Amino acid sequence: MRVAIVTGNASMRMGGEASLPFYYFKLMLDRGIDVWMICHDRVREELREAFRDEHFQKIRFVEDTGLQIMIWRLSQGLPGRIRDLIFGQWLHSIAQRQAREVVKQAIAQQGIQIVFEPAPITPKGLSFMYDLGVPVVIGPLCGGLEFPPAFRYMDSRLSQVTIAAGRFLSAIAHQLVPGKLQAEALIAANKRTAEALPKGYKGKLYYVVESGVDLAIWKPIERSECDRDQPVRFVYSGRFVDWKGVKFLVSAFQQVAQQTNSILELIGDGELRGEIEAQVVALNIKDKVNFHGWMAREDSAAIVRAADVFVMPSLRECGGTALLEAMALGLPVVATNWAGPAEYVDSSCGILVEPSSPEEFANNLAAAMVRLAASPELRAQMGKAGTQRVTQHYFDWESKTDRAIEIFQEILVIANS
């Protein structure tokens with residue numbers, strides 16, 4: 001089987017969806033698949049370091065044009081959702097046109113039998129992978145997500161109007177650029193994402209979650225007997241942006257700090273960093289909250305490993321790789337009962353908090369954290385259940401890659417019958 005993976009970025013340093021094609025490429029190579037990859041030139045040096053020469057030679061790169069640079073500059077300063085969903089897709093479309101030509105060359109020169117596009121993960125995004133003469137598989141996709149009803153105010157009126165217009169225009173754009181409509185297979189993370197796919201797609205629909213955890217790296221922690229005199233450490237890892245819910249976590253932690261001997265570790269950075277730091281000072285919990293900023297993957301992992309509970313208060317989280325990694329380590333989790341986290345976490349391994357209103361959300365986050373802080377037995381029980389759960393439902397990268405290969409085989413059989 002000869003496979004070409006097409007993506008924007010393939011990177012462990014960037015994290016997020018950039019890690020998806022990286023893992024698929026690496027693990028398919030490990031399985032003896034003749035796999036090639038087409039991605040952006042910005043990750044060239046990282047990939048050169050990550051793969052031995054014979055495998056690096058199977059990667060082709062596309063570079064930014066002057067138009068892309070100009071568009072990127074114009075997008076700076078706009079609301080995040082407009083920047084990501086409108087300008088991001090514009091930039092992606094230009095890159096995809098370039099990648100399409102490279103893919104055609106690989107099909108002709110390397111005998112590629114199937115094209116796999118695992119990123120970007122948005123179901124509304126355009127794919128230029130059509131009329132290639134070989135089957136195309138797109139996904140796992142994840143999206144079609146809004147804020148919980150009580151938090152819709154967090155999208156500005158400009159964002160709401162722009163996003164609605166963008167979604168309307170995408171229906172027309174998919175007729176002009178019919179990659180998703182003509183793909184032989186589409187993989188969706190969940191039914192919500194499947195419902196957000198462009199109308200009229202013809203390919204076979206599969207379900208596989210988008211996020212994944214590397215169980216070779218994120219191994220269960222051997223914990224010694226709990227010392228009740230030591231503080232309970234809660235950890236958050238992610239961007240400091242509104243939809244990640246960090247300010248609600250800090251509000252909740254004020255209550256936790258008043259009732260328990262606890263510490264909050266905050267890993268990450270972003271546009272709200274200054275506001276969150278000021279909030280911590282105003283709530284008089286500065287000596288209980290540690291800001292770590294952006295960290296190397298190994299350093300942030302060390303802090304997560306040393307923690308007792310992982311908290312993900314996101315209000316529009318499509319997936320949640322960091323959540324799966326914490327579960328694999330054996331940490332109990334507190335997360336929002338909405339979208340990705342609600343699909344990954346159940347009552348055996350964590351506490352899901354209803355986003356019913358801003359005030360109740362913060363209060364219920366606090367109650368969940370206090371409950372776990374007070375019971376090392378419950379933390380141990382939930383942590384053990386989390387390590388078991390991540391081996392199910394294609395949450396780990398080994399099984400996700402095996403499932404992708406199974407889908408390729410099924411599609412090739414259909415295409416050749």
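We number each residue from 1, following the sequence as shown. The figures that follow rest on heavy atoms only: side chains count, while hydrogens, waters and symmetry mates do not. None of these values were measured; they are calculated from a predicted model.
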With a 4.5 Å cut-off on side-chain heavy atoms, are L132 and K104 touching?
yes
More than 12 heavy atoms from other groups under 6.0 Å of CD on E359:
no
Between V6 and P118 the two heavy atoms that sit nearest each other are O-CD, 3.5 Å
Under the salt bridge (Lys or Arg N to Asp or Glu O under 4.0 Å) test, which residues partner E354, sequence neighbours left out?
none
Hey, what do you get for CD1 (I217) to CH2 (W397), rounding to the nearest 0.5 Å?
12.0 Å
Carefully, step by step, assess R13 and E49 under the rule salt bridge (charged side-chain N to carboxylate O under 4.0 Å, His left out).
CA-CA 12 Å; R13 295 174 187 169; E49 294 173 10; 2.6 Å; yes
Show your working on side chain to side chain donor-acceptor pair (under 3.5 Å) between Y207 and N190 and close with a plain yes or no.
CA-CA 6 Å; Y207 286 98; N190 45 53; over 6 Å; no
Nearest heavy-atom contact between M154 and L315 is SD-CD1, 3.9 Å
Side chain to side chain contact (heavy atoms under 4.5 Å, CB included), that's the test. Do E117 and T7 meet it? Break it down for me.
CA-CA 6 Å; E117 188 177 21; T7 183; over 6 Å; no
Hey, is CZ on R371 packed in by over 12 heavy atoms from elsewhere, all under 6.0 Å?
no
Does the ring center of W338 lie less than 6.0 Å from the ring center of F147?
no
Does the pair V3 and M1 meet the rule for a side chain to side chain contact (heavy atoms under 4.5 Å, CB included), with working shown?
CA-CA 6 Å; V3 179; M1 184 190 301; 3.7 Å; yes
Flag for Y201-Q182: side-chain donor and acceptor within less than 3.5 Å:
no
Determine the minimum heavy-atom distance between P123 and H174, stating which atoms define it.
O-NE2, 4.4 Å
Any chance you could measure R316, atom CZ, to L145, atom CG, to the nearest 0.5 Å?
7.0 Å
Please indicate whether R31 has more than 12 foreign heavy atoms, meaning atoms of other residues, nucleotides or ligands, lying under 6.0 Å from its CZ.
yes
Minimum heavy-atom distance F395-V209, with the two atoms named
CD2-CG2, 3.6 Å
For the residue pair F310 and L329, establish whether any side-chain heavy-atom pair is separated by less than 4.5 Å.
no
F248-F151 aromatic ring centre distance below 6.0 Å
yes
Determine, stepwise, if the pair C39 / L47 fulfils side chain to side chain contact (heavy atoms under 4.5 Å, CB included).
CA-CA 10 Å; C39 60; L47 298 182; 3.8 Å; yes
Do the non-hydrogen side-chain atoms of I351 and L372 ever get within less than 4.5 Å of each other?
yes
Kindly compute the distance separating CH2 (W36) from NE2 (H55), expressed to the nearest 0.5 Å.
11.0 Å
Given side chains that start at C-beta, do those of I5 and F22 come closer than 4.5 Å, heavy atoms only?
no
How about Q279 and V289: do any of their side-chain heavy atoms sit closer than 4.5 Å?
no
Working for salt bridge (charged side-chain N to carboxylate O under 4.0 Å, His left out), residues E210 and R192:
CA-CA 13 Å; E210 161 258 336; R192 179 190 66 249; over 6 Å; no
May I ask you to decide if the ring planes of F25 and F51 are parallel, tilted or perpendicular, using 30° and 60° as cut-offs?
perpendicular
Flag for S237-E265: side-chain donor and acceptor within less than 3.5 Å:
no
Ring of F128, cation from R100 - is the NZ or CZ under 6.0 Å from the centre and inside 45° of the axis?
no
Enclosure of K58 NZ (heavy-atom neighbours >12, cutoff 6.0 Å):
yes
How far does CD of Q255 sit from OG of S262, to the nearest 0.5 angstrom?
12.5 Å
Look at R273 together with E277 and state whether they make a salt bridge at an N to O cut-off of under 4.0 Å.
yes
Interatomic spacing from NZ in K400 to OH in Y394 - rounded to 0.5 Å:
10.5 Å
Please work out which of the three classes, parallel, tilted or perpendicular, describes the rings of F291 and F240, given edges at 30° and 60°.
tilted
Aromatic W294 / basic R239 pairing, under 6.0 angstrom, 45° off normal:
no
Would you kindly say whether S399 and D402 are connected by a side-chain donor-acceptor distance under 3.5 Å?
no
Are any of the side-chain heavy atoms of I187 and L141 separated by less than 4.5 Å?
no
Check against salt bridge (charged side-chain N to carboxylate O under 4.0 Å, His left out), R297 and E325:
CA-CA 12 Å; R297 186 177 179 83; E325 291 170 347; 3.1 Å; yes
Might you work through the salt bridge (charged side-chain N to carboxylate O under 4.0 Å, His left out) test for E184 and K202, ending with a clear yes or no?
CA-CA 7 Å; E184 277 70 19; K202 300 177 177 63; over 6 Å; no
Report the C-alpha separation of S11 and N9 in whole Å, then their side-chain angles, then the decisive distance to 0.1 Å, and conclude whether the side chain to side chain donor-acceptor pair (under 3.5 Å) test is met.
CA-CA 6 Å; S11 168; N9 298 310; over 6 Å; no
